Amino acid sequence: MPELPEVEVTRRSFASQIAGAQVLSVTLGKPLRWPLGRAPSSLVGARVQQVRRRGKYLLIDLDRGMLMVHLGMSGSLRFATQLPAALGPHEHFDMQTDRGTLRLHDPRRFGAVIATDGDDDPVARKLLDGLGMEPLDAHHFRWESFRDGLARSRTPIKLLLLGGKLVVGVGNIYASEVLFASRIAPTTPAQAISAIKARRLFQAIRDILALAVERGGTTLRDFSNADGLPGHFQLQAKVYGREGLPCVQCGRPIALLRQGQRSTFYCPHCQKS
DNA sequence: AAATTGACCTGTCAGC
DNA sequence: TGCTGACAGGTCAATT
């Protein structure tokens with residue numbers, strides 16, 4: 001479910017509500033991708049300061065430590081005052097505070113909640129170091145760095161975008177969408193992309209992710225923010241999930257391709273190397 | 001160093 | 001109806 005826009009929409013939907021809250025108790029369901037990292041009771045009494053995001057990680061700063069939350073493939077967060085006391089079968093992390101309860105729902109359990117000492121904690125460093133540029137941060141997402149990153153790689157551009165080493169947050173849906181918007185074939189080796197097209201791709205990543213955040217996420221499936229609301233003005237995918245349907249530009253059928261065991265959707269007529 | 005591939009886990013859907 | 005296989009929005013570890 002969650003690529004950068006969905007994670008950012010989630011962050012915005014509960015960050016200001018949870019800021020200043022004091023942790024009352026923590027309950028765990030089934031194990032997630034990684035263990036919490038310390039006893040849940042050690043979080044009790046801590047105060048939440050702010051909620052940041054790095055790539056697809058949510059970083060919840062506490063007055064002692066930092067909680068890292070990743071939604072994996074199927075995770076979603078709720079923050080509310082009135083939640084059922086008992087955890088459902090797919091709810092695996094629950095943090096009660098004096099302002100409400102933060103609860104992770106994650107059927108596939110590819111997500112993670114990790115308690116660390118902060119940004120410099122080795123566990124946090126291991127996960128966050130090496131992540132690429134933040135596409136919605138103008139200071140970090142630099143055209144020169146992006147262009148140089150493309151020039152250094154022969155990897156097919158779709159896979160390079162998914163990799164997260166050059167730019168973070170572009171997942172399987174948005175990778176197909178930004179390549180369609182910039183009219184680049186997904187198999188094109190990164191270093192073979194012309195300057196003109198690279199520039200279009202750079203802009204498309206910024207514009208499409210920003211628009212998706214504005215609209216509250218994608219239209220696919222059942223994404224909802226931490227208020228449990230779906231968000232009414234969700235972004236329409238132009239190619240993702242549209243195999244065989246007419247291209248919105250030229251009317252020819254959208255094609256499906258497998259790259260790195262993931263589906264890529266594209267228009268063979270509109271997108272060229 | 002860069003590029004593949006497999007693994008994690010559960011739900012859903014198409015086809016027989 | 002039930003079974004089987006394919007697939008799903010992510011990413012890390014192990015292997016070439």
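Quick caveat, the model's predicted, so the values are computed rather than measured. To find a chain, count down the sequence lines: A is the first, B the second, and so on, and within it residues start at 1.
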Say we look at B:dT5 and C:dC7: how far apart would their P atoms be, to the nearest angstrom? 15 Å
Rounding to the closest angstrom, what is the interatomic distance between B:dG6 and C:dA6 at atom P? 14 Å
Got a minute to check which stems DNA chain C is part of, using Watson-Crick or G-U wobble pairs under 3.5 Å, three or more consecutive?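 So the stems come out as B:2-8 with C:10-16, B:10-16 with C:2-8.
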Say whether, by atom type as modelled, one donor and one acceptor occur between the side chain of A:E177 and the main chain of A:Y174 under 3.5 angstrom. no
Quick check: does any side chain N or O of A:R99 sit under 3.5 Å from a backbone N or O of A:A19, one acting as donor and the other as acceptor?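 Checked: pair present.
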So, is A:R262 close to the C:dG10 phosphate, meaning a side-chain N or O under 4.0 Å from OP1 or OP2?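 Answer is yes, contact under 4.0 Å.
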Would you call the rings of A:F146 and A:W143 parallel, tilted or perpendicular, taking 30° and 60° as the class edges? tilted
Could you run down the sub-3.5 Å N/O contacts of the protein with nucleotides 12-16 of chain C?
residue, atom, partner, partner atom, Å
C:dC12, OP1, A:Y57, OH, 3.1
C:dC12, O4', A:R33, NH1, 3.4
C:dC12, O4', A:R33, NH2, 3.4
C:dA13, OP1, A:K126, NZ, 3.1

Start and end of chain A contact along DNA chain B [non-hydrogen atoms, under 4.0 Å]: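 Span of nucleotides near chain A: B:dA3 to B:dG11.
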Ion pair A:R142/A:D148, N-O distance below 4.0 Å: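 Here A:R142 does not pair with A:D148 in a salt bridge, since their nearest N and O are not under 4.0 Å apart.
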Salt-bridge test for A:R147 and A:E144: reply yes if a basic N is under 4.0 Å from a carboxylate O, no otherwise. no
Nearest-Å distance, CG (A:L58) to C1' (C:dG10)? 14 Å
